[in-house]
Engineer: 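The structure's right below; bear with me while I get my questions together.
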Amino acid sequence: MDSFGHIIDGAERESADGASMSSIDPYLREAWAEVAEGGTAEAALAVTAARRAFDEGPWPRMGFAERGAALHRLAGLIDENAAELAMADTRDMGKPITAAMTWDLPRTAQTFRFFADHARLATAETYPMDSGHHGYSRYEPAGVVAAIAPWNYPLMLESSKVAPALAWGNTVVLKPAETTPVSATMLGRLALEAGIPPGVVNVVHGYGPMSAGAALTEDPRVDRISFTGESTTGRVITAAAARNLTPVSLELGGKGANIVFADADLDAAVSWSIKGIYTNAGQVCLAGSRLYVERPILDDFLKRFVGAAEELVTGDPKDPATELGPVASAEHHRKVSRYLRECPGTVLTGGGGEGWLIRPTVIADVAADAAIQRDEVFGPVVTVTPFDSEAEVVRAANDTRYGLSALLFTENLSRAHRVARRLRAGTIWVNCFLVRDLRAPFGGFADSGWGREGGEFSREFYTEPKFVAMTVPELPS
Ligand code: NAI
Ligand code: MG
């Protein structure tokens, strides 16, 4: 079995006490890799390395062109090693290999390229001042960034933190989720191969509470904490960060509404809505997990939607034909299964399958206050509710503690803009799903998070803006 270590100060290493953990392949339900299990000690060592690389090393002092070139080399290495990186995420969490190869991997490389160029091409402000003064802004790197990542898009979401942090001259300690550790070690190895100096990209494996994750959030030498995961965890991390006044960026859960109006292009609405909930077996914070369909088309839509759900190819995620694999872990399978067991509605299709597979599931007749309608289930499970008016569906869509994303389908231009404006969520997709632009703000309202990622928004988080004011004396007359 292959084994994977931490990456600390430019070297791959075991934990001081030799502890390790197995990574479980959720399709075979057996260990496929052995990974070092770090704790407080490894987190502290990694922060020490990142601190030294930031305070004394070349990385923060390099020009944008030189740093950007290193990130472009890393993107090239990600492309060259795409098959192996994709297979690591597939074995770690059951993501279909075709999805990993066509989505996660290209986006990971693109993220490094984008932020390398974005930082290099960014401008800053000058402030024309009266009375013989001149002022301008500078965006200084913030320092040591702790990046704590989830397991649903392991490499891709880790990169969405690491790339902007590095491009702006920070050093990083990355803690991947304990269930999906392997691709993070591979990324750390590739960063060294790309010529990124030792201590700039550190990877620490281990659990969150009372372990490596918590230690990172409590370390006063950390300057920024970027977290993606469950809202409850976000609260715990924010409380820990508050003691050191460490700024936190949070990308948390979602319970996205997907609204299909009677005037929608039905074929397109069905096909996007299927992607909206069954992509990555529904383990997507942006999923459209509450489907609202205007009553006149309810029967027709549901017939097509259920048919399309039943046609999805389920099974071995290593098979290129597979569209939906098992959910990511035993723990997560228990969680999704419990929601299905306790759900009060009518199951139109789906339910449990072989092993940790949950078949594409559609549930009707669920009350607005049922747990499955209010909580982030994070599985291939959608609830369907009919509606009769625009005002009614906007109210229903906004009746959630989350606010990450929403989808709407209509061919009526005014309605599209009107409803997009009224929905309380950070991303609104009109007649599409998962269309992203790395310049645009990405993040959530309410319990879905704090702050935004993307372009200028990432710069705001990963830098300390500075104002320089100077006297410009007049020539004596
Ligand atoms: P989680 O939010 O607990 O874990 C995410 C990351 O945070 C992992 O790297 C974990 O080790 C770390 N972590 C956990 N507690 C921490 C602490 N006290 N201090 C520092 N780091 C900590 O999510 P988990 O346990 O993997 O999954 C639980 C549920 O959360 C899932 O069943 C799913 O429903 C939901 N989830 C939602 C995600 C989203 O993007 N909306 C992503 C992952 C999970
Ligand atoms: Mg947890």
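Just follow the structure's listing: the first ligand is 1, and inside any ligand the first atom is 1. Below, each value reflects all heavy atoms present in this structure, side chains not excepted, and no hydrogens, waters or symmetry copies.
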Engineer: State if P176 counts as touching ligand 1 under the rule of any non-hydrogen atom under 4.0 Å.
Structural biologist: yes
Engineer: Any side-chain to backbone donor/acceptor pair from T233 onto G229? Under 3.5 Å, distance only.
Structural biologist: no
Engineer: Which residues satisfy the ring-ring contact (aromatic ring centres under 6.0 Å, His included) test with F433, sequence neighbours excluded?
Structural biologist: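 By the ring-ring contact (aromatic ring centres under 6.0 Å, His included) rule, F433 matches W429.
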Engineer: Would you check whether K175 has a nitrogen or oxygen atom less than 3.5 angstrom from a nitrogen or oxygen atom of ligand 1?
Structural biologist: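 Yes, at least one N or O pair falls under 3.5 Å.
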Engineer: Please determine if R224 forms a cation-pi arrangement with Y462, meaning its NZ or CZ atom is less than 6.0 Å from the six-membered ring centre and no more than 45° off the ring axis.
Structural biologist: no
Engineer: Taking 4.0 angstrom as the limit and counting only heavy atoms of A177, give me the atoms of ligand 1 inside it, by number and element.
Structural biologist: 8 (C), 9 (O)
Engineer: Under 3.5 Å between some N or O of ligand 1 and some N or O of F227?
Structural biologist: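 Checking ligand 1 against F227, no N or O pair falls under 3.5 Å apart.
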Engineer: About how many Å separate OG1 of T463 and CD of E456, when rounded to the nearest 0.5 Å?
Structural biologist: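 Spacing of CD (E456) from OG1 (T463) equals 9.5 Å.
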Engineer: Salt-bridge test for R359 and E310: reply yes if a basic N is under 4.0 Å from a carboxylate O, no otherwise.
Structural biologist: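 Between E310 and R359 there is no salt bridge, as every charged N stays at least 4.0 Å from the carboxylate O atoms.
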Engineer: Any sub-3.5 Å donor-acceptor pair from T217's side-chain atoms to A241's backbone N or O?
Structural biologist: no
Engineer: Is E331 in polar range of ligand 1, meaning some N or O pair under 3.5 Å apart?
Structural biologist: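 N/O-N/O distance below 3.5 Å does not exist for this pair.
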Engineer: With side-chain hydrogen bond (donor to acceptor under 3.5 Å, both in side chains) as the criterion, how do T90 and K95 come out once you've worked through the C-alpha distance, each side chain's angles and the decisive distance to 0.1 Å?
Structural biologist: CA-CA 5 Å; T90 290; K95 178 190 297 289; over 6 Å; no
Engineer: Going by the order shown, which atoms of ligand 1 are within less than 4.0 Å of some heavy atom of L252?
Structural biologist: 41 (N)
Engineer: Taking only heavy atoms of C285 into account, list the atoms of ligand 1 that are under 4.0 Å away from them.
Structural biologist: 39 (C), 40 (O), 41 (N)
Engineer: Say whether Y207, considering both its backbone and side-chain N or O atoms, lies within less than 3.5 Å of an N or O atom on ligand 1.
Structural biologist: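 Among all N and O atoms of Y207, none is under 3.5 Å from an N or O of ligand 1.
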Engineer: Identify, by atom number and element, the atoms of ligand 1 in contact range of I237, meaning under 4.0 Å from any of its heavy atoms.
Structural biologist: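 By the 4.0 Å cutoff, the relevant atoms are 19 (N), 20 (C), 21 (N).
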Engineer: How far does CG of D89 sit from OG of S183, to the nearest 0.5 angstrom?
Structural biologist: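 Rounded to the nearest 0.5 Å, the CG-OG separation comes to 3.5 Å.
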Engineer: Taking the basic N atoms (NZ, or NE/NH1/NH2) and the acidic carboxylate oxygens, is any pair closer than 4.0 Å for D447 and R235?
Structural biologist: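 So D447 pairs with R235 through a salt bridge.
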Engineer: Describe, in one word, how the ring planes of F114 and H118 are oriented to each other, choosing from parallel (under 30°), tilted (30 to 60°) and perpendicular (over 60°).
Structural biologist: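 Geometry flag for H118 against F114: parallel rings.
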Engineer: For G253, take its heavy atoms, then give the atoms of ligand 1 lying under 4.0 Å from any of them.
Structural biologist: 41 (N)
Engineer: Could you tell me whether E376 and ligand 1 have an N or O pair separated by under 3.5 Å?
Structural biologist: yes
Engineer: Considering Q283, K335, E230 one by one, which has a heavy atom nearer to atom 2 (O) of ligand 1 than any of the others?
Structural biologist: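 Of the listed residues, E230 has the closest heavy atom.
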Engineer: Output the list of atoms in ligand 1 that are nearer than 4.0 Å to some heavy atom of P150, sorted by atom number.
Structural biologist: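 Contacts of ligand 1 toward P150, numbered from 1: 42 (C), 43 (C).
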Engineer: Taking both backbone and side-chain atoms of T228, is any N or O found less than 3.5 Å from an N or O belonging to ligand 1?
Structural biologist: no
Engineer: I'd like the name of whichever of S448, A149, G213, G208 reaches closest to atom 9 (O) of ligand 1 through any heavy atom.
Structural biologist: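 Comparing heavy atoms across S448, A149, G213, G208, the nearest one to atom 9 (O) of ligand 1 lies in A149.
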Engineer: Ignoring hydrogens, just give me the one of I148, T233, T217, L157 whose non-hydrogen atom is nearest atom 14 (C) of ligand 1.
Structural biologist: T233
